[in-house]
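For reference, the structure discussed in these notes is given below.
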Amino acid sequence: MSLAVGLLGGTFDPVHEGHLHAATCVRSALGLPRVALLPCAVPPHKPEGLVASDDDRLAMLRLAVADRHGLELCTWEVDRGGRHYTIDTLRALRRAHGWDPVFVVGMDALADLASWREPDRLLAEFDLVAVDRPGRTIEEAAARIAGLGATRVRAWDGSADVGRGGRVFHLGIPPRDVSASEIRRRCAAGEPLDDLVPPAVARYIRERKLYRLEAAR
Ligand code: ATP
């Protein structure tokens with residue numbers, strides 16, 4: 001039996017409706033029982049630009065997935081702390097839980113894949129699903145990863161054995177123009193967050209006064 005599990009990795013600083021939209025679209029299009037949001041940890045000695053603490057990012061993620069059927073939180077990297085490469089995390093989750101990870105990326109992340117650790121092995125061992133995001137086209141992203149391994153990007157085809165590895169699927173989704181940097185910029189400028197984050201997350205940000213003093217990146 002396949003244990004295909006969608007995993008959307010990111011900084012989630014903070015989680016927003018674009019993440020939830022991408023995860024929900026992948027879950028329903030691929031028929032996955034669940035998609036987990038997988039936040040990275042803040043490396044202890046080098047925050048690398050992350051603004052909110054692990055605790056705050058996790059708290060917001062918990063609020064965000066609480067009422068979204070089939071969406072979960074995977075705290076593997078935060079529990080262990082420090083820097084983790086995606087390939088190592090996916091291998092570890094496969095080993096520890098018997099999962100067949102399906103790694104979900106936005107189009108910007110797919111375009112940057114060459115800068116990741118062992119991108120050829122990542123593509124060989126795992127299936128990736130790339131979803132649309134304003135600002136990047138699938139053609140551009142596919143051209144940027146064309147030199148990696150033998151992988152070419154194909155449209156999502158309803159594959160029955162998703163999670164087996166070795167493929168990059170493109171799943172067309174209605175683009176949602178929202179980013180964490182825009183949320184942080186709005187908080188710093190005192191502007192409303194409207195419907196860019198779930199109401200419970202907006203409340204949390206307000207109550208904890210997050211992102212107020214930080215210049216937008
Ligand atoms: P920042 O603005 O700080 O760069 P971000 O909004 O891109 O942050 P991340 O946590 O870095 O958020 O993103 C995690 C993953 O979610 C990446 O694969 C990214 O491409 C994807 N993603 C983020 N926002 C969207 C969106 N609006 N639509 C589709 N995918 C998204």
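Counting starts at 1 for both ligands and their atoms, following the listed order.
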Output for pair (L110 CG, R144 CZ), nearest 0.5 Å, gives 9.5 Å
With the threshold set at under 4.0 angstrom, would you say D13 reaches ligand 1 through any of its heavy atoms?
no
For ligand 1, which atoms sit closer than 4.0 Å to a heavy atom of D108?
19 (C), 20 (O)
Out of curiosity, C40 SG to D13 CG, how far, rounded to the nearest 0.5 Å?
8.5 Å
With heavy-atom distances below 4.0 Å as the criterion, list the atoms of ligand 1 near L8.
15 (C), 16 (O)
Quick note on ligand 1: atoms under 4.0 Å from a heavy atom of F12 include exactly 10 (O)
Please determine whether a side-chain nitrogen of the Lys or Arg among D108 and R133 lies less than 4.0 Å from a carboxylate oxygen of the Asp or Glu.
yes
Contact (N/O only, under 3.5 Å) between G106 and ligand 1:
yes
How close do V153 and A142 get, heavy atom to heavy atom, and via which atoms?
CG2-CB, 3.8 Å
Would you please classify the geometry between the H16 ring and the H19 ring as parallel, tilted or perpendicular, with 30° and 60° separating the classes?
parallel
Please confirm whether R184 approaches ligand 1 to less than 4.0 Å, judged on its heavy atoms.
yes
Rounded to the nearest 0.5 Å, what separates atom CZ in F126 from atom CD1 in I87?
6.0 Å
Listing request: all ring-ring contact (aromatic ring centres under 6.0 Å, His included) pairs with a residue in residues 166-193, at least two apart in sequence or in separate chains.
W156-F169
Main chain of L32, side chain of R27: is a donor-acceptor contact present, judged purely on distance under 3.5 Å?
yes
For ligand 1 and A180, I'd like to know whether there is a polar contact (N/O to N/O, distance under 3.5 Å).
yes
Is the shortest side-chain N to carboxylate O distance from R68 to E17 below 4.0 Å?
yes
Any donor-acceptor pair under 3.5 Å linking the side chain of R34 with the backbone of V5?
no
T11 and ligand 1 - part of the residue with a heavy-atom distance under 4.0 Å
both
Going by the order shown, which atoms of ligand 1 are within less than 4.0 Å of some heavy atom of V105?
18 (O)
Heavy-atom contact check, 4.0 Å cutoff: does H16 meet ligand 1?
yes
Under 4.0 Å from a heavy atom of G10: which atoms of ligand 1 are those, numbered in the order shown and with their elements?
10 (O), 14 (C)
For ligand 1, find out whether one of its N or O atoms is nearer than 3.5 Å to an N or O atom of V131.
no
Answer yes or no for G9: is there a heavy-atom contact with ligand 1 below 4.0 Å?
yes
Does any N/O atom on V178 come nearer than 3.5 Å to any N/O atom on ligand 1?
yes
Per-residue contact class, D132 against ligand 1 - non-hydrogen pairs under 4.0 Å
backbone
